[in-house]
Amino acid sequence: MKRVIGLLSAASTSPAVTPIVIGLFFILYIVVAFFTDETLIALMELTRKSIILTTLLALIPLGCLCRMVQDIRRYLTLRRCRGGDVAAVATELFDETVELSPQSGFSALEGHLQALGYRTGQQSGVLSAWRGVSLLPAQLLFTAALGCFFTGVILTTTLRSSDRRMIIEGESMPTPGGGGGIVERISLSPSTGAILAKELTMEVGGASAGQRKELFGLYPPSLHGGAFVYPRYIGISLHVRFFSPEIQSGYENHYTLNTFPPGKEDSAVIPGTPYRVIFSIPQVESGTDRYIAYMTGKFPLQFKLLKGSEAIFTGSADVGSNFTKEGYRLELLDARRLVVTDFIRDYGVFFIWAAGILLIAGGCVWVPIRLFFPRQEMVLLVEAGQFRASSRAEGRSRAHAELFHETLDFAEGAATGGSER
């Protein structure tokens, strides 16, 4: 039983768990790629539905937690070694362990180590020497970052939900949970940042009196009602009235059109009839911002009326005007900006952001310690007439090993000199 527990413990704390799991998912990714073009989405959906794959992915954060516990226990054990606990001086905790002939004492050795720049402590037959700062905080931050990242991946894969809505200027914010305020203004303007070319802003008034106005942009994503707000596409909401020889009373409706960038076509179907109107925004002149119509809110439109597959007429008009030809009349009553927006509930994002913060913090701790204050330790003890010396280093190990063997030579020389006297 102890052997089984030992094997499970070794497996849970092994650094090999992460690359093995990632390798298995990479192989699965290659296999899925043979059957679909949307490989990543298909793999996420497969993982969401498979308890085995989810459990396999969960081995990474679980292994990170076990390694953090192991690192803390190892650090506490090393502190007990320096405190004189002979039983805690285990060979596996050190890089090198050497046994020598019995020594009479540590007085000369302690002075020698202090001269080499080590701080020393001596208790109960144990002489410990150390210098530098432990990398444990950085190791814990790195391991926690890895665990948080894959925890976020698991939550995103298994619990993520998306709801696509159209946000239209002048109408209520169509939030999944309800209770959205009025979309007072949607604006698109040149960005002042270094990443995005355009800055999209949606101004939403409070749902009730006293609530402050909310602003939603492209980046970073805003959080509203527990869901992240991701704008995806821009378009227009067009109010149209249509007359034809068969429809003397006219037909009136609002259409949402995805007509950006200019030149892109979208159609408005007249239900119950063979008529369909194809709308587009004209291409702009060279040197003019192609999104100028959306930025100004003035939408010149080109259109083509189809009856089945037959083209009846083509034309162009500004919003607020009308077009009449051969008994047909098309009135463009109003147009408003709209943004096709995804409301995504994804709590894994918080863990992924936390992973990034922990990774940066770990790097800020690790770099100066590793470069300027690497941890180096020696523990020398006399037990049952035997002298045993152990050494470990977290940086500049070669220089530390040279000093360690120099110390052993000094110890043997001091013992030989003492016996001759």
Side-chain angles (χ1 to χ4, degrees), residues 6 9-10 12-16 63-64 66-103 105-106 108-144 146 362-363 365-384 386-415:
S9 176
S12 64
T13 57
S14 173
C64 290
C66 291
R67 289 202 300 276
M68 291 174 68
V69 173
Q70 183 190 51
D71 290 341
I72 294 173
R73 290 181 61 184
R74 182 185 289 116
Y75 176 77
L76 295 176
T77 303
L78 288 169
R79 284 181 61 91
R80 284 164 46 207
C81 293
R82 294 197 301 270
D85 187 347
V86 176
V89 184
T91 304
E92 61 269 14
L93 295 176
F94 297 91
D95 301 329
E96 185 178 4
T97 299
V98 179
E99 294 186 355
L100 300 175
S101 57
Q103 306 296 313
F106 292 136
L109 278 176
E110 188 170 9
H112 174 75
L113 290 169
Q114 289 176 350
L116 294 175
Y118 289 85
R119 289 179 291 171
T120 60
Q122 185 178 163
Q123 291 185 19
S124 305
V126 177
L127 173 63
S128 56
W130 67 93
R131 65 182 179 185
V133 180
S134 174
L135 284 174
L136 177 68
Q139 291 171 351
L140 293 179
L141 287 171
F142 285 141
T143 308
L146 183 64
V365 174
W366 186 88
V367 171
I369 292 178
R370 184 65 175 78
L371 292 179
F372 305 110
F373 311 104
R375 186 68 166 183
Q376 301 168 344
E377 298 180 65
M378 301 182 199
V379 176
L380 306 97
L381 63 89
V382 175
E383 183 181 16
Q386 191 69 31
F387 179 79
R388 182 151 53 100
S390 301
S391 166
R392 66 182 295 271
E394 296 177 347
R396 301 179 187 172
S397 55
R398 179 176 296 180
H400 176 68
E402 292 175 357
L403 294 177
F404 175 62
H405 287 282
E406 179 185 329
T407 300
L408 297 181
D409 294 339
F410 180 86
E412 286 193 327

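Quick note: residue numbers are just sequence positions, from 1.
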Smallest separation among heavy atoms of [X] and [Y], with atom names:
{"X": "G362", "Y": "A138", "value": "O-CB, 3.9 Å"}
{"X": "S134", "Y": "P137", "value": "O-CD, 3.5 Å"}
{"X": "D71", "Y": "R74", "value": "OD1-NH1, 3.2 Å"}
{"X": "A389", "Y": "L380", "value": "CB-CD2, 3.9 Å"}
{"X": "I369", "Y": "V133", "value": "CG2-O, 3.4 Å"}

Are the side chains of [X] and [Y] in touch, meaning some heavy atoms are under 4.5 Å apart?
{"X": "T97", "Y": "S390", "answer": "yes"}
{"X": "R67", "Y": "L146", "answer": "yes"}
{"X": "E406", "Y": "H112", "answer": "yes"}
{"X": "R375", "Y": "L135", "answer": "no"}

message: I'd like to know if the side chain of S397 and the backbone of A393 have a donor-acceptor N/O pair within less than 3.5 Å.
response: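 The answer is no, because no donor-acceptor pair under 3.5 Å joins these two groups.
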
From [X] [atom1] over to [Y] [atom2], what is the distance, rounded to the nearest 0.5 angstrom?
{"X": "Q70", "Y": "T143", "atom1": "CD", "atom2": "OG1", "result": "10.0 Å"}
{"X": "W130", "Y": "L113", "atom1": "CH2", "atom2": "CG", "result": "11.0 Å"}
{"X": "L140", "Y": "I72", "atom1": "CG", "atom2": "CD1", "result": "5.0 Å"}
{"X": "S128", "Y": "R80", "atom1": "OG", "atom2": "CZ", "result": "14.0 Å"}
{"X": "E402", "Y": "R396", "atom1": "CD", "atom2": "CZ", "result": "13.0 Å"}
{"X": "L408", "Y": "F387", "atom1": "CG", "atom2": "CZ", "result": "6.5 Å"}

query: Between the side chains of H400 and E96, is a donor N or O closer than 3.5 angstrom to an acceptor N or O?
result: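 There is no such pair between these side chains.
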
- request: Let me see the working for F404 and Q376 under side chain to side chain contact (heavy atoms under 4.5 Å, CB included), right down to the final yes or no.
  value: CA-CA 10 Å; F404 175 62; Q376 301 168 344; over 6 Å; no

Check salt bridge (Lys or Arg N to Asp or Glu O under 4.0 Å) between [X] and all other residues, then give those that pass, not counting sequence neighbours.
{"X": "R370", "value": "none"}
{"X": "E394", "value": "R392"}
{"X": "R119", "value": "none"}

task: Kindly determine whether M378 and L116 satisfy side chain to side chain contact (heavy atoms under 4.5 Å, CB included), including the steps that lead there.
output: CA-CA 12 Å; M378 301 182 199; L116 294 175; 5.6 Å; no

